[in-house]
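A quick note: this is a predicted structure, and the numbers were derived from the prediction, not measured.
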Amino acid sequence: MTGRRVLPYGDHALLVELDHLDAVLALFRGLDATRPEGVVELVPAARTIAAVVDPRVLPLSAAAGWLERTAPLDAEDADERLVELDVVYDGEDLAEVARLTGLTAAEVVAAHTGATWRVAFGGFAPGFAYLVTDSDALTVPRRATPRTAVPAGSVGLAGAFSGVYPRSSPGGWQLIGRTDAVLWDEAADPPALLRPGTVVRFREAG
């Protein structure tokens with residue numbers, strides 16, 4: 001298909017290259033819905049999807065054919081998992097986000113809670129998910145000077161993404177709130193609360 005390249009990626013994986021993130025999200029939904037036995041993991045990124053396979057169960061040639069033929073799936077046609085997160089919107093950068101977007105602080109909160117977010121891919125730290133939505137109302141740059149320590153549970157914005165810090169770490173995202181949700185639990189299966197394809201809705205906590 002135009003805009004899709006399937007490439008070797010070691011002895012146990014293949015890499016699908018796509019033109020843009022929307023194509024990644026749509027194809028990931030299609031692949032996840034039709035995943036054959038032998039596919040160990042699907043790992044989406046901004047413009048790629050890695051498919052890790054067990055060649056003893058699914059030969060790489062068969063996996064490549066599946067990756068090449070599978071049709072993208074629209075969000076409304078997918079059976080997506082929903083996670084709701086309660087957020088206290090008292091972030092240190094809330095006023096700055098309001099200034100950057102031309103909204104009031106209350107309108108920033110309304111835009112964040114009113115949007116339907118989806119996990120596009122993970123990265124940065126275990127349990128950290130890059131969330132996207134159809135609206136660009138909250139698109140803001142990263143902070144000019146990153147913080148040396150961002151508390152666990154901080155909810156932030158950077159570029160077109162929103163995200164929640166699963167643990168304390170340095171970071172340059174604009175912080176608008178905080179949640180008590182556990183984003184990463186090594187004892188859980190799977191350990192990440194927010195996995196690719198998950199729908200996320202934020203709720204303002206009292």
Side-chain angles (χ1 to χ4, degrees), residues 1-85 115-136 139 158-167 181-202:
M1 289 186 181
T2 302
R4 184 189 310 189
R5 295 179 64 209
V6 178
L7 305 171
Y9 198 54
D11 296 333
H12 295 82
L14 295 162
L15 189 70
V16 186
E17 290 186 343
L18 297 150
D19 292 336
H20 47 76
L21 181 56
D22 286 345
V24 170
L25 295 173
L27 181 58
F28 176 81
R29 287 190 288 264
L31 294 174
D32 198 41
T34 61
R35 184 187 302 216
E37 185 177 359
V39 176
V40 178
E41 190 173 12
L42 291 171
V43 185
R47 293 192 177 182
T48 62
I49 302 173
V52 182
V53 304
D54 182 347
R56 297 168 300 179
V57 178
L58 182 68
L60 286 175
S61 58
W66 169 65
L67 293 171
E68 291 166 351
R69 293 190 303 269
T70 299
L73 188 62
D74 291 336
E76 55 268 26
D77 296 325
D79 183 14
E80 296 177 307
R81 173 174 171 265
L82 170 65
V83 171
E84 295 182 320
L85 299 178
T116 297
W117 299 87
R118 286 182 172 82
V119 179
F121 52 90
F124 171 60
F128 189 93
Y130 288 80
L131 310 178
V132 295
T133 190
D134 292 338
S135 172
D136 61 357
T139 298
F161 300 104
S162 187
V164 183
Y165 285 76
R167 63 186 183 190
V182 177
L183 279 296
W184 180 261
D185 181 0
E186 293 183 358
D189 182 22
L193 176 65
L194 304 182
R195 305 188 295 278
T198 299
V199 174
V200 180
R201 293 201 181 100
F202 294 99

Original post:
What pairs meet the side-chain hydrogen bond (donor to acceptor under 3.5 Å, both in side chains) rule with one or both residues in residues 44-53, with sequence neighbours excluded?
Top reply: none
I'd like a table of donor-acceptor pairs (distance under 3.5 Å, sequence neighbours excluded) in which one partner is a side-chain atom from residues 30-46, with atom names and distances.
from : atom 1 : to  : atom 2 : distance (Å)
D32  : OD1    : R35 : NH2    : 2.8
T34  : OG1    : G30 : O      : 2.9
T34  : OG1    : W66 : NE1    : 3.1

Any side-chain heavy-atom pair of [X] and [Y] under 4.5 Å:
X: L27; Y: L18; answer: yes
X: R118; Y: V200; answer: no
X: L193; Y: T198; answer: no
X: V24; Y: F121; answer: no
X: R4; Y: P72; answer: yes

Ignoring hydrogens, what is the shortest heavy-atom contact between [X] and [Y]? Give both atom names and the distance.
X: F161; Y: L21; value: CE2-CD2, 4.0 Å
X: L85; Y: A181; value: CD2-CB, 3.6 Å
X: W117; Y: A160; value: CZ3-O, 4.3 Å
X: P166; Y: G127; value: CG-C, 3.9 Å

Subject >> Residue pairs fulfilling salt bridge (charged side-chain N to carboxylate O under 4.0 Å, His left out) with at least one residue in residues 54-64, sequence neighbours excluded >> reply: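 Every pair satisfying salt bridge (charged side-chain N to carboxylate O under 4.0 Å, His left out) with a residue in residues 54-64: D54-R56.
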Without placing hydrogens or testing angles, list every side-chain donor-acceptor pair under 3.5 Å for residues 128-136, not counting sequence neighbours.
from : atom 1 : to   : atom 2 : distance (Å)
T133 : OG1    : T116 : O      : 2.9
S135 : OG     : A137 : N      : 3.1

Subject >> Stepwise side-chain contact (heavy atoms from CB on, under 4.5 Å) check, L15 with V6 >> reply: CA-CA 6 Å; L15 189 70; V6 178; over 6 Å; no
Original post:
Do V53 and L60 pass the side-chain contact (heavy atoms from CB on, under 4.5 Å) test, and can you show the C-alpha distance, the side-chain angles, and the key distance before you say yes or no?
Top reply: CA-CA 7 Å; V53 304; L60 286 175; 3.3 Å; yes
Original post:
With sequence neighbours left out, what residues match E186 under salt bridge (charged side-chain N to carboxylate O under 4.0 Å, His left out)?
Top reply: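 Expected list: none.
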**OP:** Test R201 against L82 for side-chain contact (heavy atoms from CB on, under 4.5 Å), laying out the working first.
**Re:** CA-CA 8 Å; R201 293 201 181 100; L82 170 65; 3.4 Å; yes
Subject >> Gap separating the OG1 atom of T70 from the CD1 atom of I49, nearest 0.5 angstrom >> reply: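 These two atoms lie 10.0 Å from each other.
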Subject >> A62: partners by side chain to side chain contact (heavy atoms under 4.5 Å, CB included), with sequence neighbours left out >> reply: L58, P59
